[in-house]
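The block underneath contains the structure these notes are about, expressed in C-alpha cells.
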Amino acid sequence: MKSIQQVMAFGKNCLMHAGCESPGLDAEILLCHVMKVERLFLYTWPQHMLSKENFNSFLEHIHRRETGEPVAYITGFKEFFGRPFEVNQDVLIPRPDTEKLIEAALSFLPFENSASIIDVCTGSGCIAITLALERPKICVLATDVCPKALDVAARNIDNHQVGDRVLLRAGNLLEPCQDQENVDLIVANPPYIKAQAMPALMRDVRDFEPHLALLGEGMDGLFHHKRIIEAGIDLLKPGGHLILEIGYDQMPDVALWAFDKPMLPRFIRDEADNIRLVSYEKLGAC
Ligand code: GLN
C-alpha cells in the first residue's frame with residue numbers, strides 16, 4: 001500500500017524524466033481524477049493510503065502521460081471559460097487563447113438580446129456552448145466536417161443543457177449554413193498551422209491532437225479563413241461581425257488580404273500582446 005504523498009512523488013519523478021513541462025501539476029490532476037477528489041484533498045490527507053485499484057490506474061495514467069498523451073485526453077475533460085468540456089482524440093483540446101475569442105464575441109452581444117450566431121469548426125463545441133451559456137437568448141448553429149467531433153459536441157451540448165439553442169450541422173466550414181441569412185455573428189477557430197510548422201510542434205500536440213483540426217491549408221495556412229470570410233459575407237446582416245482566431249505570427253499574412261473585402265477588419269491582441277484575432281464588421285448598417 002502506498003500513500004498519496006508517496007505516489008505523488010513517484011508520479012512527478014516519472015513525468016519529470018519523461019520531459020513533461022509541468023510534472024507535479026500533471027501528476028496531481030491525474031491522481032485527483034483517479035481518486036475522484038479535489039486537489040485540496042491531496043494536501044489535506046498526504047498519508048491517506050490508495051486502494052490497489054486506484055494505485056494501478058494511477059500508474060496506467062502516468063504511463064500514458066509519459067508517452068506524451070495530453071492530460072485532458074487521459075482525464076477526458078478540459079476546462080474552458082470556467083466550465084468543463086468532454087474531450088477525446090477526435091477534437092482539439094480547448095485552449096486558453098480561444099477564451100479571448102469568447103470575450104471579443106461577447107462584446108458584440110448585449111446580455112438581454114437575441115442573436116443568431118454561427119460557430120464554424122466547432123470541435124468539442126466549446127465556443128458555441130460557452131456563448132450560449134453566457135447569453136441566454138442567443139441561438140448558435142455549430143458546424144464541423146468530422147462526424148466523430150460532432151458526437152463529442154453533442155454530448156457537451158447535453159451536459160450543459162443548451163440543446164434548445166445550440167444546433168449541430170455536419171459539413172465543411174459554412175457549407176451547411178447556406179439557408180441562413182441576417183446572421184449577427186460568425187465565429188471560428190479554424191485549423192491554421194502551416195504544414196511546414198507541423199514537425200516542430202510539441203509532441204503532445206503533434207502526436208495526439210487531430211491533424212484535421214490543426215493543419216491549415218495553403219502556403220500561409222489560412223485558406224480556411226479566406227473561405228469562411230468569402231462565404232460569411234453573404235450570410236451576415238449589415239453591421240454583423242465575423243471573428244477568426246489566427247496564429248501568433250500570422251497577422252502579416254492576414255494583412256495581405258484582410259482589406260480586400262467589403263468588410264472592415266480590426267486586429268485584436270491577447271494578453272501577451274500578440275495579434276490572435278481578426279474581427280470583421282460587415283459594412284452597410286443603417
Ligand atoms: N472550436 C474548437 C476550439 O476552438 C475546435 C477548433 C478546431 O477544431 N480547429 O477548440
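As the structure lists them, so they are numbered: ligands from 1, and atoms in each ligand from 1.
- Ring orientation note: the planes of His160 and Phe85 are tilted relative to one another, at an angle of 30° to 60°.
- No side-chain heavy atom of Asn189 sits less than 4.5 Å from a side-chain heavy atom of Cys121.
- Protein heavy atom at the shortest distance from atom 6 (C) of ligand 1 is Asn189 O, 3.2 Å.
- When the options Ile243, Thr98, Thr122, Val120 are evaluated for a side-chain contact (heavy atoms from CB on, under 4.5 Å) with Ile127, the one that passes is Thr98.
- Each of the following atoms of ligand 1 lies closer than 4.0 Å to a heavy atom of Ile127: 1 (N), 4 (O).
- With respect to atom 8 (O) of ligand 1, the closest heavy atom belonging to the protein is Ala213 CB, 3.2 Å.
- Other residues, nucleotides and ligands place more than 12 heavy atoms under 6.0 Å from the NZ atom of Lys194.
- Protein heavy atom at the shortest distance from atom 1 (N) of ligand 1 is Cys121 O, 3.0 Å.
- A ring-centre distance under 6.0 Å is found for Phe41 and His48.
- Interface atoms of ligand 1 facing Cys126, defined by a heavy-atom separation under 4.0 Å, are 3 (C), 10 (O).
- Between Lys226 and Asp220 a salt bridge is recorded (basic side-chain N to carboxylate O distance below 4.0 Å).
- When only non-hydrogen protein atoms are considered, atom 2 (C) of ligand 1 lies nearest to Thr122 O, 3.3 Å.
- The Thr98 neighbourhood of ligand 1 comprises atoms 4 (O), with distances under 4.0 Å to a heavy atom of that residue.
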